[in-house]
Amino acid sequence: MSRSVPREVQVIERIAETATVFTLRVRFTDSRICRAYAFHPGQFNMLYLHGAGEIPISIVSDPEDEFALDHTIRAVGRVSQALAQVQPGDRLGLRGPFGRGWPLTQAIGNDVVILTGGLGCAPAVSAIHFIANRRAQYGHLNIIQGVRHADDMIWQARYKAWAQLPDTEVLLAADEAGTHWSGYLGHVTDLIENARFDPKNTIAMICGPELMMHNGVIELLKSGVPDDAIYLSIERNMHCAKGHCGHCQLGPHFVCRDGPVFNYADIRPWFAKAGI
Ligand SMILES: Cc1cc2nc3c(=O)[nH]c(=O)nc-3n(C[C@H](O)[C@H](O)[C@H](O)COP(=O)(O)OP(=O)(O)OC[C@H]3O[C@@H](n4cnc5c(N)ncnc54)[C@H](O)[C@@H]3O)c2cc1C
Ligand code: FES
């Protein structure tokens, strides 16, 4: 399937997650494309809204769900705010999937730490579905998610369900608590110290704001996880999504083509450096 031209999808559901975050469940209008489309957890699509523009958005669905593709979006600017107005029945353009996703084959047989911050949890959700569907193939699973305010914690029901999986721990943190907050109060990266994993046999997957990912890397290295066992999902402005325009450059890498998921050892010189 060509990824140069947006293919038409129809919005089949719009879920309001918070005042500014929403999920669009979409489906290709051409059933042949629907059948041919496949993605790896951690990849992203370019969503195109006529008259507004096109933006990269991670795919949060279960990769085995052939029926629909979910995208959870925070309305921050021109295109995402326009997408927030979209309703079931409306049509969008979709190009993708793009990029390299999480190292889920390499993680087989290892403990897994999935560390996410804010809406950074979105690129990790399909990886969690993937592991949950093959639970026996992986070691201890730590799902560690943090938000600024407890009210920003979307997908509470999903976290509860994941906590019931065998050999799985879900640790939640908020910088500021609401009235009913029972999780940890403080930075999400503080939770790494008490998480249960064998550092020499662990694959860590991190996504969220760059400062949070930077602190997460420091804590994981302190715990003894080797730098080449840590993977990060990086966000950059994008235009072509095909490694042509250079908008998404990170040192010698293009985030759209070589990422968004990178091995920390490969991007250490350019990661979390101002202006890069
Ligand atoms: C690989 C990849 C995957 C992504 N996945 C998701 C996803 O699943 N869900 C999602 O909501 N976003 C995701 N993003 C980010 C999303 O693409 C941007 O938020 C979007 O491009 C902003 O475009 P806009 O036209 O709405 O805002 P612009 O008009 O381009 O920006 C308006 C303002 O918002 C600020 N801004 C831009 N991006 C962000 C941001 N991410 N957070 C806070 N402020 C921002 C800008 O600095 C600017 O001040 C992803 C980005 C990449 C590269
Ligand atoms: S968006 Fe054009 S090179 Fe990555």
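The figures that follow rest on heavy atoms only: side chains count, while hydrogens, waters and symmetry mates do not.
- Formation of a donor-acceptor pair under 3.5 Å by the Thr168 side chain with backbone atoms of Pro166 is found in this model.
- Between Ala177 and His149 the shortest heavy-atom distance is O-NE2, 3.9 Å.
- Just one residue in the list Glu54, Met46, His71 forms a side-chain contact (heavy atoms from CB on, under 4.5 Å) with Leu94, and that residue is His71.
- Proximity of Ser126 to Ile59: side-chain heavy atoms (C-beta onward) are nowhere separated by under 4.5 Å.
- Under the 4.5 Å side-chain criterion, counting only non-hydrogen atoms from C-beta, Ile230 is in contact with Leu221.
- Distance alone, capped at 3.5 Å, places no donor-acceptor pair between the Glu169 side chain and the Leu141 backbone.
- Counting heavy atoms from C-beta on, the side chains of Val26 and Asn45 never come closer than 4.5 Å.
- Here the closest heavy-atom approach between residue Ala107 and residue Val112 is recorded as CB-CG2, 4.2 Å.
- More than 12 heavy atoms of other shown residues, nucleotides or ligands fall within 6.0 angstrom of atom CD in Gln87.
- By the 4.5 Å heavy-atom criterion applied to side chains, His253 and Trp270 are counted as neighbours.
- In this structure, the side chains of Val9 and Leu24 stay at 4.5 Å or more apart for every pair of heavy atoms.
- Between Asp228 and Arg268 no salt bridge is recorded (no basic side-chain N to carboxylate O distance below 4.0 Å).
- The two residues Ala150 and Trp181 come nearest to each other via the heavy atoms CB-CE3, 3.6 Å.
- Side chain to side chain, Thr29 and Gln10 fail the donor-acceptor criterion of an N or O pair below 3.5 Å.
- Using a 30° and 60° split on the angle between ring planes, Phe28 and Tyr37 fall in the tilted class, from 30° to 60°.
- Remark: Asn201 CG to His140 NE2 distance equals 14.0 Å, nearest 0.5 Å.
- Ion pairing between a basic and an acidic side chain is recognised when a charged N comes within 4.0 Å of a carboxylate O; Asp175 and Arg148 show no such pairing.
- Inter-residue side-chain proximity for Leu119 and Ile154 is flagged as met; some heavy-atom pair is nearer than 4.5 Å.
- Looking at every heavy atom in both residues, Val125 comes nearest to Trp155 through CG2-CZ3, 3.3 Å.
- Judged purely by atom type and a 3.5 angstrom limit, Asp111 uses its side chain to pair as donor or acceptor with the backbone of Asp198.
- In plain terms, the two heavy atoms of Ala38 and Pro97 that are nearest each other are O-CG, 3.3 Å.
- One N or O on the side chain of Tyr138 and one on the backbone of Leu104 form a donor-acceptor pair closer than 3.5 Å.
- No path of Ile, Leu, Val, Met, Phe, Trp and Tyr side chains, each step under 4.5 Å between heavy atoms, connects Phe197 with Tyr231, placing them in separate hydrophobic clusters.
- Residue Glu219 comes nearest to Thr189 through the heavy atom pair CG-O, 3.7 Å, listed as atom of the first residue, atom of the second, then distance.
- Remark: His50 NE2 to Asp90 CG distance equals 13.0 Å, nearest 0.5 Å.
- Residues Phe254 and Cys240 form no side-chain contact, since every pair of their non-hydrogen atoms from C-beta on lies 4.5 Å or further apart.
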